[in-house]
2 protein chains.
Amino acid sequence: MDTYLQAGLDALGDATRMAIFQKLAAGPLAVNQLASTLPVTRPAVSQHLKVLKEAGLVTDNRAGTRRLYRLNPEGVARLRAHFDQMWTQAMSAFQAAAETPESPVKVKGESHATDRRRSRRS
Amino acid sequence: MDTYLQAGLDALGDATRMAIFQKLAAGPLAVNQLASTLPVTRPAVSQHLKVLKEAGLVTDNRAGTRRLYRLNPEGVARLRAHFDQMWTQAMSAFQAAAETPESPVKVKGESHATDRRRSRRS
DNA sequence: CCTGTAGGTAAGTGTCCACTTACGGTAAGT
DNA sequence: ACTTACCGTAAGTGGACACTTACCTACAGG
């Protein structure tokens, strides 16, 4: 898999983080400014910003007692590139399928076990 | 916010669902075929496919006793369009910021309460 | 009709994570 | 120095949700 893509999806997967991302798209904002327009408390916003920062999607700099957060162009561009790659890869399947008129997909035996046990993940 | 975008992010936010999506990008697959290459059981795959289907990202059709799942071009294209819109919107902020040399952002009083209580969400 | 394969669904459980409150720490104003 | 605004972090909790097992239905072959 693509770890960058997964990290980006994990960062934007949460609705609140997504909302923060969208608000920062309009311009730099302080933590209180973000929290005042969101249905969560300020510490929650701080934690979300930490995640977004670790994902390379935002940067911060001090402005007096406040701390202004803004989107990180490089991180956003890189994540977008990974997404674009995924879309094109997903779309290429249709073109390939459209050119071949019919593929029977005749896999007969292949996995005859019903409800096999599996290992837990991590 | 954008409900479509959020639905798509919710659908692809999970790592397993993302893996299923990626595998389906290579071509149509049955449930057992997916489950055999994933670290989860078949029912789990079925549930993920249900979510992806409700999000309009995949379609299914019967093939004998099996059921073949494939990506839905329209749903994928629509989700991609929403993503593209988000990226460009996010990028437009930098251009606007680059053209204006300095904006003081002098918001003085605006929210003077510290750690205000808020309502839970849903 | 019976057996075996394929898959959807119900019900239950464990874990993660998005929140909260509480606290400490820095910068500006008086 | 004292106060006040702003912010990050620690610690703890509740709920969602990604899993599991168990059960039932549908199709194909003998």
Side-chain angles (χ1 to χ4, degrees), chain A residues 6 9-21 28-36 38-55 58 60-69 105-122, chain B residues 6 9-21 28-36 38-55 58 60-69 105-122:
Chain A
Q6 194 57 46
L9 273 172
D10 188 65
L12 295 182
D14 179 66
T16 304
R17 276 201 291 266
M18 184 64 166
I20 293 176
F21 183 85
L29 287 172
V31 182
N32 259 336
Q33 292 178 321
L34 283 167
S36 64
L38 290 171
V40 295
T41 55
R42 183 193 51 76
V45 176
S46 269
Q47 294 160 8
H48 284 308
L49 286 168
K50 184 179 183 180
V51 175
L52 289 171
K53 185 180 177 182
E54 287 171 348
V58 303
D60 60 329
N61 62 324
R62 313 201 34 144
T65 88
R66 323 174 53 162
R67 182 169 286 266
L68 289 184
Y69 283 86
V105 193
K106 264 287 183 61
V107 237
K108 210 186 313 190
E110 177 154 359
S111 174
H112 45 73
T114 16
D115 287 358
R116 190 162 13 131
R117 273 298 341 275
R118 315 201 147 274
S119 60
R120 302 232 67 236
R121 54 173 178 169
S122 84
Chain B
Q6 195 55 47
L9 272 172
D10 189 63
L12 295 182
D14 179 65
T16 303
R17 276 201 290 266
M18 184 62 166
I20 292 175
F21 183 85
L29 286 171
V31 182
N32 260 333
Q33 291 178 324
L34 284 167
S36 64
L38 289 170
V40 295
T41 55
R42 182 193 51 76
V45 176
S46 268
Q47 293 161 8
H48 284 307
L49 286 169
K50 183 178 182 180
V51 174
L52 289 171
K53 185 180 176 181
E54 287 172 347
V58 302
D60 61 329
N61 61 327
R62 313 200 37 146
T65 88
R66 320 174 56 160
R67 182 170 285 266
L68 289 183
Y69 282 86
V105 194
K106 266 288 182 61
V107 236
K108 210 185 314 192
E110 177 155 359
S111 173
H112 44 72
T114 19
D115 287 355
R116 188 164 15 129
R117 272 296 343 275
R118 310 198 153 276
S119 60
R120 302 228 71 241
R121 55 168 173 171
S122 81

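Proteins come first, then strands; the chains are lettered A, B, ... in the order of their sequence lines, and each starts at number 1.
Closest approach to the A:V40 side chain among D:dC7, C:dT20, D:dT20 is made by C:dT20 (side chain taken as heavy atoms from C-beta onward). The B:D14 side chain lies nearest to D:dA18 when the options are C:dA28, D:dA18, D:dC7. The side chain of B:V31 lies closest to C:dG7 when the candidates are C:dG7, C:dT20, D:dT20. With C:dT9, D:dA18, D:dG8 as the choices, the nucleotide that has an atom nearest any side-chain atom of A:R67 turns out to be D:dG8. Residue B:T16 has its side chain nearest to D:dC19 when only C:dG7, D:dA22, D:dC19 are considered.
Test B:N32, B:N61, B:D60 against B:R67 for side-chain hydrogen bond (donor to acceptor under 3.5 Å, both in side chains) and you get one pass: B:D60.
Note on A:H48: every side-chain N or O is 4.0 Å or more away from OP1 and OP2 of C:dC17. Regarding contacts with the backbone of D:dC6, every side-chain N or O of A:Y69 stays at 4.0 angstrom or more from both OP1 and OP2. For D:dT21, neither phosphate oxygen OP1 nor OP2 lies less than 4.0 angstrom from any side-chain nitrogen or oxygen of B:T41. For B:N32 and C:dG7, the shortest distance from a side-chain N or O to OP1 or OP2 is below 4.0 Å.
Between A:M18 and A:L12, the shortest heavy-atom contact is CB-O, 3.9 Å. Shown here for B:S46 and B:V31, the closest heavy-atom pair between the two residues is OG-CG1, 3.9 Å.
Following rounding to the nearest Å, B:L52 (CG) and C:dG7 (P) show an atom-to-atom distance of 16 Å. Across the protein-nucleic acid pair, A:L38 atom CG and C:dA18 atom P stand 14 Å apart, rounded to whole Å. We find that CD1 of A:I20 is positioned 11 Å from C1' of C:dA18, with the value rounded to whole Å. With rounding to whole Å, B:L29 atom CG is found 11 Å from C:dG7 atom P. Summarising the geometry, the separation between CG on B:L49 and P on C:dT9 is reported as 11 Å, rounded to the nearest angstrom. Following rounding to the nearest Å, A:E54 (CD) and C:dC17 (P) show an atom-to-atom distance of 13 Å. The separation between A:L12 atom CG and C:dC17 atom C1' is 17 Å, rounded to whole Å. Rounded to whole angstrom, the span from the CG atom of B:L9 across to the C1' atom of C:dA18 amounts to 17 Å.
Positionally, the nearest nucleotide of DNA chain D for A:V45 lies more toward the 5' end than for the other of A:V45 and B:D10. DNA chain C is contacted by both B:A30 and B:Q47; B:A30 maps to the nucleotide lying nearer its 5′ end (nearest heavy atom per residue). Two residues, A:K50 and A:T65, neighbour DNA chain D, and the one matched to the more 5' nucleotide by heavy-atom proximity is A:T65.
With hydrogens and angles ignored, a donor-acceptor pair closer than 3.5 Å exists between the side chain of B:R42 and the base of C:dG8.
Nucleotide C:dT30 forms a Watson-Crick or G-U wobble pair with D:dA1, both donor-acceptor distances falling under 3.5 Å.
In this structure, the side chain of B:E54 does not engage the main chain of B:V51 through any donor-acceptor pair within 3.5 Å. The backbone N or O of B:D10 lies less than 3.5 Å from a partner atom in the side chain of B:R17, making a donor-acceptor pair.
Taking the side chain as every heavy atom from C-beta outward, A:L68 and A:L29 never approach each other to under 4.5 Å.
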